[in-house]
Amino acid sequence: MNNLVPRPEHQFTFGLWTVGSTGRDPFGAPTREPKSPAELVHLLADVGAYGVNFHDNDLIPIDATAAEAEAIKKDFRKALAETGLTVPMATTNLFYDPVFKDGAFTSNDPKVRAYAMQKTLRAIDLGVEFGAGVYVFWGGREGTESDSSKNPVEAIKRNREAMNFFCEYALDQGYNLRFALEAKPNEPRGDLYNPTTGHMLAFIETLDHPDMVGVNPEVAHEHMAGINFMHGVAQAWEAGKLFHIDLNDQYPGRYDQDFRFGSRDIKAAFYLVKFLEDVGYTGMRHFDAHAYRTEDDAGVKDFALGCMRTYLILKEKADQFNQDPEIQSLLDEINADDGSMTPYFGAYSSGKAKALKEAHFDRNAMGARGLQYERLDQLTIELLLGVR
Ligand code: GLT
Ligand code: MN
Ligand code: MN
């Protein structure tokens, strides 16, 4: 079907680290050859992606000379020009090098904290140089194994000070950049600070420029914590904070699996896509996932295509759900409102409170009413399974 073919207007993006994953894991060596950033841009263009995101060191190795960095940037820029791919998002690698073994902005070592800030300032410049409009912060090492080692309140303050500094820097430079904070409950640290999107949303409100900072929720990270991802996304959206999103999949309670989008929990993926499409989310659909370690280069393309195709299939299913007469009439019934309660709602008044206290409710009848959610859910399942 033609409308299931990914095209640039769908705004599907991938990180260099996603399709560039060589299959290395904590127990085993790489199973695929590394590719250059320029090669990865071509791979992504071949499968119909819109953009490519990077960490500073996905593009330029941490120990590259200035001349090497220039050569890489030139190749990368050429590949972008040849393919028309854009760079909507960039970020800093503050987790791989041993210097960050006890965190970056929250490290107990002031030299590490200052170095992390220097690295981030330079990486922000690099992202902006390639046109990034969103800058992600994922504090992969900002946490502890032993809580005797760090003061959690100090850690929050250090994180806040760093974020305030970067906001001022972006303003000072006149960069048109928004920051998106990405939460994760654990891994690679035993526990990470600000472990969920909800924690991040609360933290953002304590910053000097909360308007510049939003979230980058990731499916897998919230599923690791066993919580409903779409609910967190909805909360971020309602707060005007859904600046970016990391799509992938994950069994709850396990290591960070970063599976192909929709490959594990089709129902959760469906409600997520339906939410994003229904509210008219206009940001990037970024896949932060990687191919199974079993795959060769062709399998990496299968993986990338699969992420996008599943998104498009679920988008069609969302349309179908919104137009299904039986589902919609059931929803009308479920949401029926004869207006008789309206006088009790809305802004407080003492008269309203008095009237409410005197009102009679038939609690037993209200409690006895069947809500038909079984029927609704089964209709949803049948739609997803393709028999409607
Ligand atoms: C890393 C992590 C992701 C983050 C990336 C951005 S890096 O792959 O697992 O969730 O989004 O730093
Ligand atoms: Mn992840
Ligand atoms: Mn992510």
Side-chain angles (χ1 to χ4, degrees), residues 12-26 40 51-60 62 87-97 100 103-105 116 119-120 123-124 126-127 132 134-143 159 162-163 166 179-189 192-197 200 214-227 229 232-233 236 242-265 268-269 272 283-293 303 307:
F12 291 135
T13 64
F14 290 81
L16 282 180
W17 69 93
T18 64
V19 281
S21 160
T22 56
R24 190 179 55 87
D25 72 16
L40 293 168
V52 59
N53 307 318
F54 59 74
H55 298 87
D56 49 354
N57 303 135
D58 298 335
L59 189 60
I60 299 168
I62 196 163
V87 177
M89 178 271 260
T91 181
T92 330
N93 188 323
L94 296 171
F95 46 89
Y96 190 82
D97 194 88
F100 300 123
F105 309 136
K119 193 172 191 289
T120 303
I124 288 175
L126 182 69
V134 174
Y135 200 86
V136 164
F137 287 82
W138 175 64
R141 298 281 172 193
E142 312 290 14
N159 245 329
M163 288 314 303
F166 299 130
F179 296 138
L181 309 186
E182 179 175 345
K184 189 176 182 184
N186 58 273
E187 206 191 349
R189 297 310 295 268
L192 294 170
Y193 296 125
N194 278 332
T196 67
T197 297
M200 285 298 186
V215 290
N216 178 38
E218 172 169 320
V219 178
H221 296 177
E222 311 281 316
H223 284 184
M224 282 171 80
I227 53 187
F229 182 67
V233 167
L242 190 64
F243 289 5
H244 201 262
I245 194 162
D246 276 3
L247 303 170
N248 55 14
D249 216 345
Q250 167 83 32
Y251 283 84
R254 300 203 187 168
Y255 70 96
D256 182 20
Q257 296 176 306
D258 288 341
F259 284 155
R260 190 178 76 257
F261 178 62
S263 61
R264 203 283 300 184
D265 191 338
L272 174 65
M284 297 300 128
R285 275 84 173 151
H286 175 234
F287 298 103
D288 186 8
H290 44 73
Y292 304 143
R293 190 165 180 265
F303 148 80
C307 284

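Counting convention: from 1, in listed order, for ligands and their atoms alike. Keep in mind the model is a prediction, meaning the values are calculated, not measured.
- The minimum distance between the Mn ion (ligand 3) and any N, O or S atom of D246 involves atom OD2.
- In terms of protein heavy-atom proximity, atom 11 (O) of ligand 1 is nearest to E182 OE1, 2.6 Å.
- A ring-centre distance under 6.0 Å is not found for Y193 and F105.
- Only the side chain of D246 comes within 4.0 Å of ligand 1, counting heavy atoms alone; its backbone N, CA, C and O stay farther away.
- Considering backbone and side-chain atoms together, E218 places an N or O closer than 3.5 Å to an N or O of ligand 1.
- The Mn ion (ligand 3) is closest to atom OE2 of E182 (considering only N, O or S atoms).
- As for E218, its N/O/S atom nearest the Mn ion (ligand 3) is the one called OE1.
- Contact annotation: for T92 versus ligand 1, there are no heavy atoms closer than 4.0 Å.
- With respect to the Mn ion (ligand 3), D288 has OD2 as its nearest N, O or S atom.
- For atom 9 (O) of ligand 1, the nearest non-hydrogen atom of the protein is D256 OD2, 3.7 Å.
- Q257 and D249 share no donor-acceptor pair across their side chains, judged by distance under 3.5 Å alone.
- H221 has its closest N, O or S atom to the Mn ion (ligand 2) at the position named NE2.
- Among protein heavy atoms, atom 8 (O) of ligand 1 sits closest to W17 NE1, 3.3 Å.
- Residue H221 approaches ligand 1 through these ligand atoms, each under 4.0 Å from one of its heavy atoms: 10 (O).
- At a cut-off of 3.5 Å, with distance as the only test, a side-chain donor of N216 or D246 sits close to an acceptor on the other residue.
- The two residues A90 and G127 have their closest heavy-atom pair at CB-CA, 3.6 Å.
- Interatomic distance, N248 CG to R260 CZ, rounded to the nearest 0.5 Å: 12.0 Å.
- For the ligand labelled ligand 1, residue F95 lies inside the 4.0 Å heavy-atom shell.
- Side-chain contact between F261 and L272: present, with at least one pair of heavy atoms (C-beta onward) separated by less than 4.5 Å.
- In terms of protein heavy-atom proximity, atom 1 (C) of ligand 1 is nearest to W138 CZ3, 3.7 Å.
- Residue D256 approaches the Mn ion (ligand 2) most closely through its N/O/S atom OD1.
- Side-chain contact between R264 and H223: present, with at least one pair of heavy atoms (C-beta onward) separated by less than 4.5 Å.
- By the 4.5 Å heavy-atom criterion applied to side chains, K119 and N93 are counted as neighbours.
- Taking the centre of each ring, F287 and F12 come in below the 6.0 Å mark.
- Residue contact check for ligand 1: D288 places a non-hydrogen atom closer than 4.0 Å to it.
- Ring-centre distance between F137 and Y135: below the 6.0 Å cut-off.
- For atom 7 (S) of ligand 1, the nearest non-hydrogen atom of the protein is H55 NE2, 3.1 Å.
- Note on D258: its N/O/S atom closest to the Mn ion (ligand 2) is OD1.
- Paired with H286 under the rule ring pair (Phe, Tyr, Trp, His ring centres under 6.0 Å), one option of W17, F54, F243 passes, and it is W17.
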